[in-house]
Structures are given as structure tokens and as C-alpha cells.
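Below is one structure, written out as C-alpha cells; comments come after it.
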Amino acid sequence: MAQRETADRHVPVMRDRCIRLLALGVENIRAAGHRPVVIDATLGMGGHAEAMLAADSEVLVLGLDRDPQAHALAAQRLSAYGDRFRGIHTVYDRVDEVAAEELDSDQRVAGVLLDLGVSSLQLDEASRGFAYSYDAPLDMRMDASEDSPDESVAELLARIEVPELRRILREYGEERFAGRIASAIVSRREGRPFTTTADLAAVVDRAVPAASKRTGGHPAKRTFQALRIAVNEELEVLQRTIPNALDAVAPGGRIVAMSYHSLEDRIVKQAFARRTKSSAPTGLPVELEEHKPTFRSLTRGAELPDEAEIAENPRAASAKLRAVEKLTDSRRTAA
């Protein structure tokens, strides 16, 4: 019952905009004579998947997530849709492999949705150890199953040295006091290993100068973000995922990606730009076919949630949405 209530409380970010963008991709694939499939590559608690299933009575949704708890919640939430929803326990960089394995010969990928970062489920479940506001085991793995190959944050902090930890905090958390925090963490762990979120948050709090703590929220916020990204290899996985998703979608299909911090958005922006711009060398008199763009942008820059949505769902405040559509051969020629 508690898990069901958690799913009911979840508010999918920019849900209506995502569904409108994906629905037009579905129509494009259907008009081409194929059965449309949408891949929700970050299933979470199934909010976006539910909206897609409700919007189109024929579409099949494949839901990918590395988190077994998310699959349990989504399966319960989406059970009324029967075999039109299929959950797959995997990391989302396998989106192209999943499409090749799961689709029938008359089906095509009409859309891929990526709602990046940590999910509400992971933040709200104290036992997962994602949040500095709860005292819990120091885990932060998105896949915390017994056979998961990922190490927990506690295991990472037990072995890491100052230079590498400083790099993680600076690059993934954009933490200005990365050196001070890394030194404090490694110094403390020599006497006693870190096992809880409260323990880590307290050490970070002491390492950050008092003057800098007057604004910007909890001083451990950026450290927790950086360590979460590191143990789940989020940015490395995302760098593989976007090209794989672009390859998986059929002509006329669409990719919708929402990011929540600048590192994610930069990866999405650059990957989309490589496919939406000509690769012809400057000054080439005739653009050869292999240099023509294979996608077109559906958004002008990044779209942001409106004030009403942010008021209803504060976690939407940092969201940035970008979307592209794969061009058909005829449209590439016309372009």
C-alpha cells in the first residue's frame, strides 16, 4: 500500500508536453504503415508511461529501468493496460538493443523518452540513501539488487583517495570546496568508515566554511549529487544512450529528453546538435548526402516548465526539455 501511495503522489515533469511531442511521432509511424512503439527509457514509477498509454489505445510502451523497485511499482500502476506495457530491467544505454530484441517485424520505434537524473522514488524512499535529509545506509545505487555490479557510496568512500574524490566532487557536483571536502572525508574514514547518510552529511557540513552556508541550501547537496552520479556512472551511461536512442528511432520518430543539471543537458545538447546540423566541411560547394542532417530540432533551445507546474511540483524547477525528430529520406533530400 505504501508503494502504491508513493506512485500516486508522483507528478511526472512536463507530462503533457512530453506526450504531445511523442504522440506526433506515433502518428508519423502509423501513417508510414507500421505499428508504433514508445520506449520510456527511464520508467521510474510509470507516470509518463501511463500518460502515453492513456493517450493512445494502440501504442505499445516498453519501460526500461535499472531499479527493481521502480519496476514493481510501475507494473502495479500499469497493470490495467495488459500487454500494451512491457517492463524491462536494464540500463537505458541498451535502448537500441532492446528495440532490436523486443520489436516485431511490423513495429517501429516511434519515440524514446528520457527523464534523466534521480527519480522521486529514490529520493523519497529513506532506505535508499539518496537524500541527505534522511539518516539511512549510505547506498545511492539505482540498482541495489543482490546481483547488482555497482558499488555503493559507502564502498566507494572506503577506497577512494583524495585526488580522485576531489575530481568527482568538482566535475559532477560543481563543488567549489571539493578539495576541502575530499580531504575531510578521507581523513575521517581512516578512523571509522562511512556507513550512513547523516554521518557523511555532517562531515561535509564541517568542511564547508560557515560564510558560504548562508545561501544555496544544504552544504552536502552537491557532494551527494556528485557521489550518486559517480557510483551509477550516470554521465558515462548517458553519453552512450543518446546516440543509441537516435539510432533506434524510426524515420518520423522522436526523442524527448529532460535533464536537471548542466552536465546532463550539455551531453544531450551536443549529441542532438551532431545529428541536426550538416557535417559538410565549410566551403564545400555541394552538400553530399552523407553530410546532410538526419534529425530536426523540435524545440528552440531548451524548453522550461511554466510557473504553474513549478508551483505544483517544485522538483520540476530545474528541468530542461529538448526534442528532435528523425527525418525521412524524402525530407532529407528536400532539405
Basic-acidic side-chain contact under 4.0 Å: Arg170, Glu175: no
Heavy atoms, side chains only, cut-off 4.5 Å: are [X] and [Y] in contact?
| X | Y | answer |
| --- | --- | --- |
| Leu157 | Leu227 | yes |
| Leu113 | Val256 | yes |
| Phe272 | Ile255 | yes |
| Val109 | Val249 | yes |
| Glu50 | Arg77 | yes |
| Val112 | Val95 | yes |

Heavy-atom donor-acceptor pair, [X] side chain to [Y] backbone, under 3.5 Å:
| X | Y | value |
| --- | --- | --- |
| Arg300 | Ser297 | no |
| Asp65 | Gly44 | yes |
| Asp67 | Asp143 | no |
| Asp205 | Ala201 | no |
| Gln270 | Ile267 | no |
| Arg206 | Ala184 | no |
| Ser183 | Arg180 | no |
| Glu309 | Met14 | yes |

What residues form a side chain to side chain donor-acceptor pair (under 3.5 Å) with [X], not counting sequence neighbours?
| X | result |
| --- | --- |
| Asp150 | none |
| Arg159 | Glu151 |
| Glu303 | Arg17 |

Non-neighbouring partners of His34 that pass ring-ring contact (aromatic ring centres under 6.0 Å, His included), sequence neighbours left out: none
Does anything in [range] form a ring pair (Phe, Tyr, Trp, His ring centres under 6.0 Å)? List the pairs, not counting sequence neighbours.
| range | value |
| --- | --- |
| residues 233-268 | none |
| residues 58-111 | His71-His89 |
| residues 148-196 | none |

Connected via hydrophobic side-chain network under 4.5 Å: Met140 and Val91: yes
Leu21 with Val13, same ILVMFWY side-chain cluster at under 4.5 Å: yes
Pairs satisfying salt bridge (charged side-chain N to carboxylate O under 4.0 Å, His left out), at least one member in residues 242-268, at least two apart: Asp247-Arg275, Arg254-Glu325, Asp265-Arg322
Within residues 83-92 or reaching into it, pairs that qualify as salt bridge (charged side-chain N to carboxylate O under 4.0 Å, His left out) - sequence neighbours excluded: Arg86-Glu102
Worked verdict on Glu161 versus Arg189 for salt bridge (charged side-chain N to carboxylate O under 4.0 Å, His left out): CA-CA 11 Å; Glu161 298 301 333; Arg189 73 117 187 265; 3.4 Å; yes
Interatomic spacing from [atom1] in [X] to [atom2] in [Y] - rounded to 0.5 Å:
| X | Y | atom1 | atom2 | answer |
| --- | --- | --- | --- | --- |
| Thr294 | Leu246 | OG1 | CG | 7.5 Å |
| Leu53 | Ile19 | CG | CD1 | 9.0 Å |
| Asn244 | Asp93 | CG | CG | 6.5 Å |
| Thr90 | Arg66 | OG1 | CZ | 9.5 Å |

Step-by-step salt bridge (charged side-chain N to carboxylate O under 4.0 Å, His left out) determination, Arg141 to Asp139: CA-CA 6 Å; Arg141 291 173 298 163; Asp139 196 326; 2.8 Å; yes
Non-neighbouring partners of Thr196 that pass side chain to side chain contact (heavy atoms under 4.5 Å, CB included), sequence neighbours left out: Asp135, Ala198, Asp199
Partners passing salt bridge (charged side-chain N to carboxylate O under 4.0 Å, His left out) against Glu236 (at least two apart in sequence or in another chain): none
Arg30: salt bridge (charged side-chain N to carboxylate O under 4.0 Å, His left out) partners, not counting sequence neighbours: Glu27, Asp56, Glu58
Enclosure of Glu307 CD (heavy-atom neighbours >12, cutoff 6.0 Å): no
